[in-house]
Amino acid sequence: MRYYGFLILIASSALTIAPTPLPAATFGTVVAVGGQASDEALDETRGLLYIANFTANRIDVMSTATNTIQTSINVAAQPGSLALSRDAQYLLVAHFNNATPPVPSGNLLTLIHLSDNTQRTFITGDPPLGVAFFATVPDNGSANLSGPGMALVVTTTGFYTLDPASGILQVVSTLTNLTVATPVPVPTFPGQILQTALATSGDGTVIWGIGGAGTGTQVIYQYHALTHSLYAEGYVSSPPMLPRVSVNNDGSYAMVGWILMNSSFQTQSKYPNVVTSTNVTGHAFDSAHGIIYGQIPDLSQPSGPPYTASPAAGSTSSVSLPTLLTMASDNLTVTGRVYIPENIIGRTVLNSAGTTLYAISDSGVTVFPVGSLNQAHRLASDHEDVMVSTTFCDRSAVQQSFTLSDPGGNKTDFTISTAQPGVTVSPSSGMTPATVTVTIDPGQFQTKGTMAVMLNIGSSTAVNVVPTVRLLVSNPDEYQRGSVVNVPGTLTDIMPDQARNRFYVLRQDNNELEIFDGSTNQRIVALRTGTTPSMMTMSSDGNYLLVANDNSQLISVFDLNALQPVSPIVLPGGHYGHSIAASNNAVLVLANNNADGTGVIDSLNLALRTATELPALGVFQNKLSTTAVLAGSPNGNNILVADPDGTVMLYSAAANTFTVARHDLQALSGAFAASSYNTFVVGSNVFNASLVPQGTLGSSGITSGFAFTGQGGYQLAAASQSTAGVIQNLSSLTGQQNSPTAVVEAPVLPTLLFNFTRTVAPMPSAGTVIALTTSGFTVLSSNYAAATAPPAIASVQNAADGSTSVAPGGLISVYGSQLSANSIATSQIPLPTAMGQSCLVVNGTPIPLLFVSASQVNAQLPLNMGGNVSMSIHTPAGISNNYNFVVASSAPAVFLSGAAGPETGLATIFRADNGQLVTPTNPVHGGDILVIYLTGMGPTSPEVQAGQQTPPTLLTSVMETPSLSLGTSGLGIQYAGLVPGYISGLYQINAVVPKGVVAGSSVPLVISQPGGSTSLNVRVVN
Amino acid sequence: MRRIAVSILFVAALAASCFGQGWEFGGSGGAGFLSNVNVSSPAGSATAGFESGGAFGGYIGQNLYPHWSGELHYMYLQNDLHIDSGGTNARFSGNAHVLHYDMLYHTNRKGSKMQAFAAVGGGMKIFRGTGAEAAYQPNYQFGYLTKAQQLKPMGDFGAGLRFELKPHVFMRLEFRDYITPFPSQIIAPAPGAKYGKILNDVVPMASISYEK
């Protein structure tokens, strides 16, 4: 089991800045049983939970209505496992009793008839470890889901079936001794003694189980009621899986210990960063919602009580309260964490409605009303990252806002703190919902780049772990190049797709492939990968993207034309892909072979969807480091292997084997790339076709990325994570530097655990170079180093219709030349006042920007502006001459941005009747309500400042009341104000067309305000 | 729609008032086959018009002279609108109501088992577009299929055979050609598009009538 440098880095950064505030509140109710619970069975028919009290030799019966122990059923010694028959008539108890000296008569099963509490016992001879009921299936029939079913009984040496009606116990199979004997040392938990767990699928047809849990080799098995077949597989994992099994509804997937398996025993997903625990683990499927609830030990989970308000001395845990996770049932992506009162240490059962979870825990059982989680206090932020940008043209304090809310709509208290000088948060405490404004004093930030500051958010009542909000303070100087696009999360790989003018980014923490448009640099879509995606490659035909996942046996495959996932490729058992590369012949994967902890190369067959481990790498052993990487040459002729220990190898597609292996250097890390000219780069080292080192490239610190663009390429490096990156476009692979240029922020750099990084993607189709950097990625113009002429403004127009009439608060388009080095749009709210190193200044004040490019900038005029004004634009190349224009009190203009079929540039006038644009084929009718989107209507009441979002529930009205006419008819106005939930320059008019309006193929629709008017022709039918 | 209802009431009232004066009452069913009009526009050429569809209605006739009778007809026609150009088709639900008065000349005198007859007359036709309008309609460069109704004057002619099935009960096999100007508010020409002027709606039908 390995874990990930980026995650660790972020976690440790958070720790060093400030401890995470701890909540006082936890979710769930503990029911203490006065002993050690070993198993539970939920009887929904009677509203009872049966709890096997292993050490008190009884079955405690808990009412699920009151969550109190009502009665207890005394049974024979050491009730280790429980199972309720399918019809809830029988409760079967397995008594372990593997004592020293042996007491064979104590190894028995107790069958309790629940209607009268009569008990029958069956001697098993060997200690019984676990029991589970399955639906009985006749030889030629379907499963009997209403009957009691039969029980599968697992002992230390065999599998049996027990018919509860007849009491007949039959052998299914035998196995080697699985368990330990009592007495055991203190403290030892029932799970450690039994080392076995079984669970049945929701439909009763499949039982999954694990034996020998907690030790080296473990047995995982499935019993299929439909075929009366038992399948088993030996499994070794590190750390070993604890005996916890939960199964989805049809038995096709099971969570065993900390591993999600499919019916072929393939590892769909491993929980990342798991740590060894003697007893902490428990989970349950919610198949209806595609989630798994559970607790799995990692560095954030305490190993055991006492659970205090601050981490124990010497603890590696960042919190001291356990948490219940909500995970996706396909790749274990954690979507939520809530603090719980104590560790889950055994079986976890979800009721059939999916509303209540019952988990064996430290004191007995903890009840989690997961269906009522909305009623518990929680905190959530609408931003993962809050980005605040300053520019060289505006060093005044800047602000950015985000919203804290309770997903359930409760009033939840919060506090926000940061130890970073120059950052103030207002309010720093309060109740949800709240808009929190972060103010940055750029003077306090000496680093010319981006600094990541963690905002610590706490609450005394919230039960959830509030995801830390990352405050990114971008404070570049004018000599630094590039425009930052914020992409939250841990980004591990980037790959250009020239043919489609896209680029692909792997977001490891969310298990996503994010696809971006090369022209707009906006995300097109995010697709789900396997667990912990690390690296990717494109198939040689360019139709598929393959992603290696560090914690999954699956290679994720995506159809790049359809932008859809297709069937994954399964690596050999125990192999987990780390790096992947394609050639004209083979697709190779560097996998972590769990069997011996080494890296091995597997070969994929994309057509057959198969993967095989190469027996040897040509004449060399197939044995590498698990963190080695592969890089394919663009022409598909070679694949380079780079190992952190200094080894390099070369796969030749023509020879279909490894033709070179050398170990001339003692260590390798950083950038890696292969060219189409038989040259290779690893770190700053250059290798020839025989992988003989040819010297080093001139670089500025640690290399982060290298991308060939022919014989040369782009190299990205940085002295450290806290300094600006340096990029250079090397025309040849020599030690000469070529115009090293500072980048606006630091690139992603290698770590001790993630030795190699690929962070540069040239996009000739878009004229840009994309680099993975601190905030997400940075867009650089491909001629970033060229001298640029000062900007010039040619015209200022209304952004809606291109007219020259503009108004306060209105959206405008500024046309000119050299306005920005890059084309960048933003979805950031509030709008930034600097983008792509450009800022637009009106009467000395930077104004909010929406889009910048070389010839056009879209922006919003402030509300406090009118009459003759002066505008200039600032770029690293200089400041434009002033451009003077007039701002009217109002200048209504309807957006000409609608589209219908091939028709574009249509006025954004909609018929409320069918929600479609008004066109000649969708004409205005008498009685229609028209919804018109426009800008330039001037101030509103209440006022929403420029650059801000109009609150989704806020209705405003424009101060200068408009009038509307259609031909000779006046229109009734229902609403004229800002569009709720959108940027404040966007206005909306709802108007009623009178019946009897004059029909015509081109009737003028006139919108008038005191400051101006606009007219559009529409077709009217009566 | 209210106009249609009034018309039907008028027919019923007329029938009641004429009862007992050598009258014939009939119901008809058939199908309407409409001609298309050619459309020329800067975007190319197209055809526009109405789809064939079912037709049914009724009539009341008065035997005026040995060879002449007069009839008032109502027909409902289900005819969807269309504009076709190349392989692209635009469709829109539609129907029409027809009310007309015809003079019929019968070859045989009254009381014959079989009569041939010719008809000529006139009235009005209400075209209706009933489909769902959308911002984009294929072939929009030629015209717009519109949710509206338009009344047009109509002339018609036709012919048929009349058989006596049993005393007072007759079967008629006949056709009419309803001729109207093209309804340019229902299929509205796009700017620059030129449409044919006349629309023919040939309706073969079978009728059962009772004569008193």
Side-chain angles (χ1 to χ4, degrees), chain A residues 894-934 966-967 969 988-1005 1015-1022, chain B residues 1-4 39 41-44 46 48-50 80-95 126-152 182-195:
Chain A
V894 178
F895 285 95
L896 302 178
S897 56
E903 287 286 284
T904 57
L906 302 173
T908 51
I909 304 171
F910 292 81
R911 289 177 63 197
D913 188 34
N914 60 11
Q916 297 196 30
L917 283 172
V918 170
T919 64
T921 59
N922 188 38
V924 177
H925 290 253
D928 270 353
I929 295 174
L930 300 181
V931 180
I932 305 167
Y933 294 101
L934 60 171
L966 184 59
S969 302
Q988 176 178 343
I989 296 175
N990 293 0
V992 182
V993 179
K995 291 186 184 294
V997 64
V998 174
S1001 59
S1002 186
V1003 180
L1005 172 66
S1015 177
L1016 294 148
N1017 290 333
V1018 296
R1019 182 176 174 230
V1020 180
V1021 172
N1022 240 330
Chain B
M1 198 63 212
R2 197 177 58 162
R3 210 177 294 170
I4 309 302
V39 181
S41 99
F50 295 81
D80 291 348
L81 292 61
H82 72 90
I83 300 175
D84 299 333
S85 177
T88 306
N89 308 308
R91 292 284 181 278
F92 200 76
S93 298
N95 57 45
I126 300 170
F127 293 91
R128 300 179 69 236
T130 60
E133 291 166 328
Y136 169 68
Q137 166 216 296
N139 291 333
Y140 68 95
Q141 61 272 42
F142 299 107
Y144 316 134
L145 305 177
T146 307
K147 187 175 184 180
Q149 62 182 29
Q150 186 175 13
L151 185 148
K152 286 289 184 185
F182 191 82
S184 59
Q185 291 175 17
I186 307 302
I187 303 178
K194 298 193 184 314
Y195 276 54

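So that the names make sense, note that chain A is the first sequence line, chain B the second, and so on, each numbered from 1.
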(message) Testing the basics here: between Y140(B) and P902(A), what is the closest heavy-atom pair and its distance to 0.1 Å?
(response) OH-CG, 3.8 Å
(message) How close do Q185(B) and R1019(A) get, counting heavy atoms only, and between which atoms?
(response) O-NH2, 4.1 Å
(message) Closer than 3.5 angstrom, by distance alone: can the side chain of Q916(A) be matched with the main-chain N or O of A135(B) as a donor-acceptor pair?
(response) yes
(message) Between T921(A) and Y144(B) (side chain of the first, backbone of the second, donor and acceptor by atom type, cut-off under 3.5 Å), is there such a pair?
(response) no
(message) To the closest 0.5 Å, what do you measure between CD (Q137(B)) and CD (E903(A))?
(response) 11.5 Å
(message) Nearest 0.5 Å, please: how far is CG in N914(A) from NZ in K147(B)?
(response) 9.0 Å
